[in-house]
Amino acid sequence: MPSLPEGKPEVLAKVDERVSFKKDEEKWIIEDGDEEFEYDDNLQRWVPEKRKIENDERELKEELKKEKKRKIEELKEQERNKPKSPPQTGVYITNLPSDTTLEEIEDAFGKLGTIGENLITGEKKIKLYRNEENQFKGDALVVYLKPESVDLAIEMLDGIQWRPLNKETIHVEKADFSHKASDSKAHNKDLTEEQKQVIKKRLQRLKSRSDDWKDDIQVEYERRQAEERFKHFVVLKNVFDLKTSEDDLFEIKQDIREGCEEIGSVTNVVLYDLEPEGIVSVRFSSKDDAARCVQEMNGRYFDGKKLEAFIYDGKSKYRRKEVSKEDQSDRFGTWLEG
């Protein structure tokens, strides 16, 4: 703050041309360069003009809003540019009996999806790991054609007794092939035209077999998987009303995200601005965090309104204004397919 003269403004006005009285606002002011101050009778000193403070606060709020938008755009851009990892189609099995055969593994795991084949030799992609004495170690690898079969195999076979009279259980987990991605590209360069034609025919046959394969177990599994995904979604009701402005809706969405991120990792927030009940959905990375959000948010007051919080039922459809293609990934349907 600059150095300003002390004393009564009535007196200062006679000797300092910067001091003047504003009749319409009934206050003494002093101009110092680009700044303007008014005299506060209670404090008996010059203070920054109130209008300037209000303007500064307004400008600061606008800057903060712009900064929030910029950060959100940066996060969206980072998400779009994230390298996509190849789908995991293999399962690694441990603790199998020492006399397990390849046929047994093919029979058990083949019921849960189409097992891949070596596209040149036609052999099933099943590997039994052996020690230096060529004895089976109890570990095996099965590679499926589709990644969905991996989750199904883990769901149905992990922890089961491989044989009724054998009390020991097997362990099934996802296999990691990321280190082999570059090797497969190098091998493809050495194929002859004849081998490429064989591969093409086998791929068509495998795809046809895989498309035809879908039994009751798969249908039931998909239903259960969908139910599990729903447990990650929290629906908040009474967050806003239809009179709320677009700027305020933007602020509300950010406030909800920030509040929920204090509970757990949030992957998406969608505001359904055509819903009179003021619906906002929040997707958590963890279903446990979603459940905790319901406990903490249900009954809490937000902007004078009492919130209702519950896990998405998988059936309700909520409406909002048309969005750009860039934001369509926010929709419930798209999330549930991912």
[X] atom [atom1], over 12 foreign heavy atoms within 6.0 Å:
{"X": "Glu262", "atom1": "CD", "result": "no"}
{"X": "Glu132", "atom1": "CD", "result": "no"}
{"X": "Lys71", "atom1": "NZ", "result": "no"}
{"X": "Glu67", "atom1": "CD", "result": "yes"}

Sub-3.5 Å donor-acceptor pair from the side chain of [X] to the main-chain atoms of [Y], do we have one?
{"X": "Arg319", "Y": "Leu274", "answer": "yes"}
{"X": "Asp107", "Y": "Gly110", "answer": "no"}
{"X": "Asp241", "Y": "Thr244", "answer": "yes"}
{"X": "His171", "Y": "Thr94", "answer": "no"}

Using every non-hydrogen atom in the two residues, find where [X] and [Y] come nearest and quote the distance to one decimal.
{"X": "Ile252", "Y": "Phe302", "answer": "CG2-CE2, 4.0 Å"}
{"X": "Thr100", "Y": "Pro97", "answer": "OG1-O, 2.7 Å"}
{"X": "Gly299", "Y": "Lys306", "answer": "O-CG, 3.7 Å"}
{"X": "Val91", "Y": "Ala153", "answer": "CG1-CB, 4.3 Å"}
{"X": "Gly159", "Y": "Thr169", "answer": "O-CG2, 3.3 Å"}
{"X": "Ala309", "Y": "Val234", "answer": "CB-CG1, 4.5 Å"}

Beyond-backbone contact of [X] with [Y], side-chain heavy atoms, under 4.5 angstrom:
{"X": "Val280", "Y": "Val270", "value": "no"}
{"X": "Asn268", "Y": "Val282", "value": "no"}
{"X": "Lys287", "Y": "Phe230", "value": "no"}
{"X": "Glu106", "Y": "Ile115", "value": "yes"}
{"X": "Ile105", "Y": "Thr101", "value": "no"}
{"X": "Ile279", "Y": "Val235", "value": "yes"}
{"X": "Arg292", "Y": "Phe284", "value": "no"}
{"X": "Tyr144", "Y": "Leu112", "value": "yes"}

* To do: Go through Ser285 and Asp289 one step at a time and tell me if the side chain to side chain contact (heavy atoms under 4.5 Å, CB included) criterion holds.
  => CA-CA 8 Å; Ser285 298; Asp289 289 338; 5.8 Å; no
How far does [atom1] of [X] sit from [atom2] of [Y], to the nearest 0.5 angstrom?
{"X": "Cys293", "Y": "Leu236", "atom1": "SG", "atom2": "CG", "result": "5.5 Å"}
{"X": "Asp247", "Y": "Lys61", "atom1": "CG", "atom2": "NZ", "result": "9.0 Å"}
{"X": "Tyr318", "Y": "Tyr272", "atom1": "OH", "atom2": "OH", "result": "8.5 Å"}
{"X": "Glu173", "Y": "Asp158", "atom1": "CD", "atom2": "CG", "result": "8.5 Å"}
{"X": "Glu38", "Y": "Trp28", "atom1": "CD", "atom2": "CH2", "result": "14.0 Å"}
{"X": "Glu77", "Y": "Ile72", "atom1": "CD", "atom2": "CD1", "result": "14.5 Å"}

* side chain to side chain contact (heavy atoms under 4.5 Å, CB included) assessment of Ile170 paired with Gln161 -> CA-CA 7 Å; Ile170 65 168; Gln161 289 179 224; over 6 Å; no
* **Any residue meeting side chain to side chain contact (heavy atoms under 4.5 Å, CB included) with Asp288, in chain and number order, not counting sequence neighbours** =>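 Testing Asp288 for side chain to side chain contact (heavy atoms under 4.5 Å, CB included), a comparison that skips the adjacent residues, returns Ser286.
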* Asked: What residues, two or more places apart in sequence or in another chain, satisfy side chain to side chain contact (heavy atoms under 4.5 Å, CB included) together with Ser98?
  ->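 Partners of Ser98 under the side chain to side chain contact (heavy atoms under 4.5 Å, CB included) test: none.
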Does a salt bridge link [X] with [Y], judged by any charged N lying under 4.0 Å from a carboxylate O?
{"X": "Glu275", "Y": "Arg320", "result": "no"}
{"X": "Glu258", "Y": "Lys68", "result": "yes"}
{"X": "Arg70", "Y": "Glu73", "result": "no"}
{"X": "Lys174", "Y": "Asp151", "result": "yes"}
{"X": "Lys231", "Y": "Glu227", "result": "no"}
{"X": "Asp99", "Y": "Arg163", "result": "yes"}

* Hey, would you say the Tyr92 and Tyr129 ring centroids sit under 6.0 Å apart? ->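 Ring centres of Tyr129 and Tyr92 closer than 6.0 Å.
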* **Cluster overlap Phe250 with Leu271, hydrophobic side-chain contacts below 4.5 Å** =>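 In one cluster with Phe250: Leu271, no.
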* Out of Leu141, Leu96, Asp139, Leu102, which one pairs with Leu128 under the side chain to side chain contact (heavy atoms under 4.5 Å, CB included) rule? -> Leu102
* Report the C-alpha separation of Arg283 and Val266 in whole Å, then their side-chain angles, then the decisive distance to 0.1 Å, and conclude whether the side chain to side chain contact (heavy atoms under 4.5 Å, CB included) test is met. => CA-CA 6 Å; Arg283 183 184 184 184; Val266 174; over 6 Å; no
* Distance only, no hydrogens: is a donor on one side chain within 3.5 Å (strictly under) of an acceptor on the other, for Glu168 and Asn95? ->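 Yes, side-chain donor-acceptor contact under 3.5 Å.
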* To do: Measure the acute angle between the ring planes of Phe233 and Tyr312, then classify it against the limits of 30° and 60° as parallel, tilted or perpendicular.
  =>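 Phe233 vs Tyr312 ring planes: perpendicular.
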* Asked: Please walk me through it: do Leu307 and Val239 pass side chain to side chain contact (heavy atoms under 4.5 Å, CB included)?
  -> CA-CA 6 Å; Leu307 297 180; Val239 180; 3.8 Å; yes
* **Row check, Phe310 ring normal vs Lys237 NZ/CZ: under 6.0 Å, within 45°** =>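 Checked: cation-pi criterion not met.
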